[in-house]
Amino acid sequence: MKFLKITGISIISILVILYLTVLFVIPNVINLDNYKQDIQKLVKEQADLNIDYNNAKITVTPLLSAGIKADNINIKFPDNSELLKADGFIGRISLPHLLFLTLKITKAEISNPQINIDILDGKEYKLVKFFEALNEKNQNQENIQTAQKPLVDSNSIKVNIPEIKITNYALLINDIKTKDYLKLRGDELL
């Protein structure tokens with residue numbers, strides 16, 4: 001009986017220490033600005049987009065939702081034309097839900113975004129054309145790589161996004177050929 005009591009107290013103590021480490025130590029020790037060039041390189045390789053941001057921080061809540069908070073986000077196409085510019089972004093996922101192969105977004109907020117959608121040749125959206133080319137490039141790379149069995153099948157992962165909050169937004173749809181444009185603005189979009 002004494003052995004079970006000592007074992008139980010030891011396990012609970014280890015869990016409490018891990019919880020406090022995740023909650024207080026990790027967000028204050030890991031500085032994402034030190035990894036900015038690596039993150040930019042990874043986004044460039046995977047999505048062929050240029051990204052810039054300031055003051056990126058890891059955030060953790062007591063209910064074990066972990067995420068990233070960043071200021072002055074700027075996403076550009078490879079030709080340096082701007083896709084998205086925002087004053088701030090906060091995104092968090094629930095860590096316990098990952099054990100059940102569910103990606104639950106507990107918080108997603110974008111403040112003051114300015115989104116530019118260009119229409120090329122009066123027909124095609126630049127954004128759609130870009131993602132079609134990116135998808136084709138990724139499919140070609142998958143065909144070249146050898147078939148390895150992944151650790152987790154991506155089709156078995158469920159995604160749960162209860163709410164996305166966008167505040168003080170501006171969307172500019174610009175027809176480059178005719179020089180016509182449509183600008184949409186709003187205070188809040190859920």
Side-chain angles (χ1 to χ4, degrees), residues 17-99 101-118 126-161 164-166:
I17 290 170
L18 286 173
Y19 176 77
L20 293 174
T21 300
V22 168
L23 195 60
F24 295 110
V25 176
I26 291 176
N28 294 321
V29 171
I30 297 175
N31 184 359
L32 291 180
D33 287 335
N34 294 340
Y35 303 100
K36 187 173 183 176
Q37 290 179 343
D38 295 331
I39 293 169
Q40 289 173 327
K41 182 180 175 186
L42 184 66
V43 170
K44 183 69 174 169
E45 288 173 357
Q46 297 300 316
D48 202 23
L49 291 170
N50 300 318
I51 186 169
D52 194 21
Y53 58 86
N54 293 326
N55 303 326
K57 295 182 187 290
I58 294 176
T59 61
V60 180
T61 67
L63 295 176
L64 293 179
S65 288
I68 297 174
K69 176 183 177 189
D71 298 327
N72 302 325
I73 296 109
N74 195 342
I75 301 174
K76 294 182 179 181
F77 287 112
D79 65 356
N80 260 351
S81 61
E82 195 169 86
L83 171 62
L84 174 96
K85 182 178 177 182
D87 288 346
F89 169 78
I90 300 172
R92 286 192 209 119
I93 61 170
S94 173
L95 297 177
H97 282 85
L98 291 176
L99 296 173
L101 295 178
T102 301
L103 179 66
K104 181 176 182 185
I105 310 291
T106 58
K107 186 170 192 172
E109 289 185 13
I110 303 172
S111 58
N112 301 327
Q114 296 176 6
I115 304 166
N116 297 316
I117 298 178
D118 293 334
K126 182 177 184 177
L127 184 65
V128 172
K129 189 174 180 182
F130 171 78
F131 281 115
E132 286 174 348
L134 183 64
N135 187 33
E136 184 178 318
K137 176 184 161 191
N138 288 339
Q139 285 179 348
N140 290 339
Q141 286 180 351
E142 287 176 9
N143 293 337
I144 293 172
Q145 295 175 347
T146 60
Q148 294 179 349
K149 186 175 179 182
L151 185 62
V152 176
D153 182 21
S154 62
N155 294 328
S156 65
I157 298 175
K158 295 174 270 183
V159 178
N160 183 352
I161 306 173
I164 298 175
K165 184 177 180 181
I166 302 172

Ring pair (Phe, Tyr, Trp, His ring centres under 6.0 Å) contacts touching residues 59-83 (sequence neighbours left out):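 For residues 59-83, and leaving out neighbouring residues, the ring pair (Phe, Tyr, Trp, His ring centres under 6.0 Å) pairs sorted by first residue read Phe77-Phe130.
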
Per the ring pair (Phe, Tyr, Trp, His ring centres under 6.0 Å) rule, what does the pair list look like for residues 24-75, sequence neighbours excluded?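 Every candidate ring pair (Phe, Tyr, Trp, His ring centres under 6.0 Å) pair involving residues 24-75 fails, so no pair, neighbours aside, qualifies.
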
Quick one: CG on Leu63 to OG1 on Thr106, what's the gap to the nearest 0.5 Å?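 Reported value, rounded in 0.5 Å steps: 9.0 Å.
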
Measure the spacing between CG of Asn55 and CG of Asp33 and express it to the nearest 0.5 Å.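 With rounding to 0.5 Å, CG (Asn55) is 6.0 Å from CG (Asp33).
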
Expected output: side-chain Thr21 to main-chain Val25 donor-acceptor under 3.5 Å: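 No; zero donor-acceptor contacts below 3.5 Å.
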
Is atom CG of Leu103 surrounded by more than 12 heavy atoms (other residues, nucleotides or ligands) closer than 6.0 Å?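 Yes, because the 6.0 Å sphere around CG of Leu103 holds more than 12 heavy atoms from other groups.
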
Quick one, Ile161 with Val159, criterion side chain to side chain contact (heavy atoms under 4.5 Å, CB included). Give me CA distance, side-chain angles, the key distance, then yes/no. CA-CA 7 Å; Ile161 306 173; Val159 178; 3.9 Å; yes

List for me each residue that meets side-chain contact (heavy atoms from CB on, under 4.5 Å) alongside Ile117, sequence neighbours excluded, and say none if there are none.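 Per chain and number, Ile117 pairs via side-chain contact (heavy atoms from CB on, under 4.5 Å) with Ile115, Tyr125, Leu171, Ile173.
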
Using a 3.5 Å cut-off and no angle test, enumerate the donor-acceptor pairs between side-chain atoms of residues 83-95 and protein atoms at least two apart in sequence or in another chain.
| unit_1 | atom_1 | unit_2 | atom_2 | d |
| --- | --- | --- | --- | --- |
| Asp87 | OD2 | Asn112 | ND2 | 2.6 |
| Arg92 | NE | Thr59 | OG1 | 3.3 |
| Ser94 | OG | His97 | ND1 | 2.7 |

Measure the shortest side-chain to side-chain distance between [X] and [Y] over non-hydrogen atoms and say whether it is less than 4.5 angstrom.
X     : Y     : value
Val22 : Leu64 : yes
Asn80 : Asn50 : yes
Ile58 : Leu32 : yes

Considering all heavy atoms, the nearest Asn31-Ala56 contact: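 It is OD1-O, 4.4 Å.
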
Heavy-atom closest contact (Leu49 atom, Val43 atom, distance):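 So the two residues come closest at O-CG1, 3.6 Å.
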
Qualifying salt bridge (charged side-chain N to carboxylate O under 4.0 Å, His left out) pairs, either residue in residues 48-76, two or more places apart: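 Every salt bridge (charged side-chain N to carboxylate O under 4.0 Å, His left out) pair that includes a residue of residues 48-76, provided the two are not neighbours, is Lys36-Asp52, Lys44-Asp48.
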
Listing request: all salt bridge (charged side-chain N to carboxylate O under 4.0 Å, His left out) pairs with a residue in residues 104-118, at least two apart in sequence or in separate chains.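 As it turns out, the salt bridge (charged side-chain N to carboxylate O under 4.0 Å, His left out) pairs with a partner in residues 104-118, which skip direct neighbours, are Lys107-Glu109.
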
Pairing residues for Asn34 by the side chain to side chain donor-acceptor pair (under 3.5 Å) criterion, not counting sequence neighbours: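 Here no residue qualifies.
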
State which residues pass salt bridge (Lys or Arg N to Asp or Glu O under 4.0 Å) with Asp38; sequence neighbours excluded, sorted by chain then number.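 Counting only residues at least two positions away or on another chain, Asp38 forms no salt bridge (Lys or Arg N to Asp or Glu O under 4.0 Å).
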
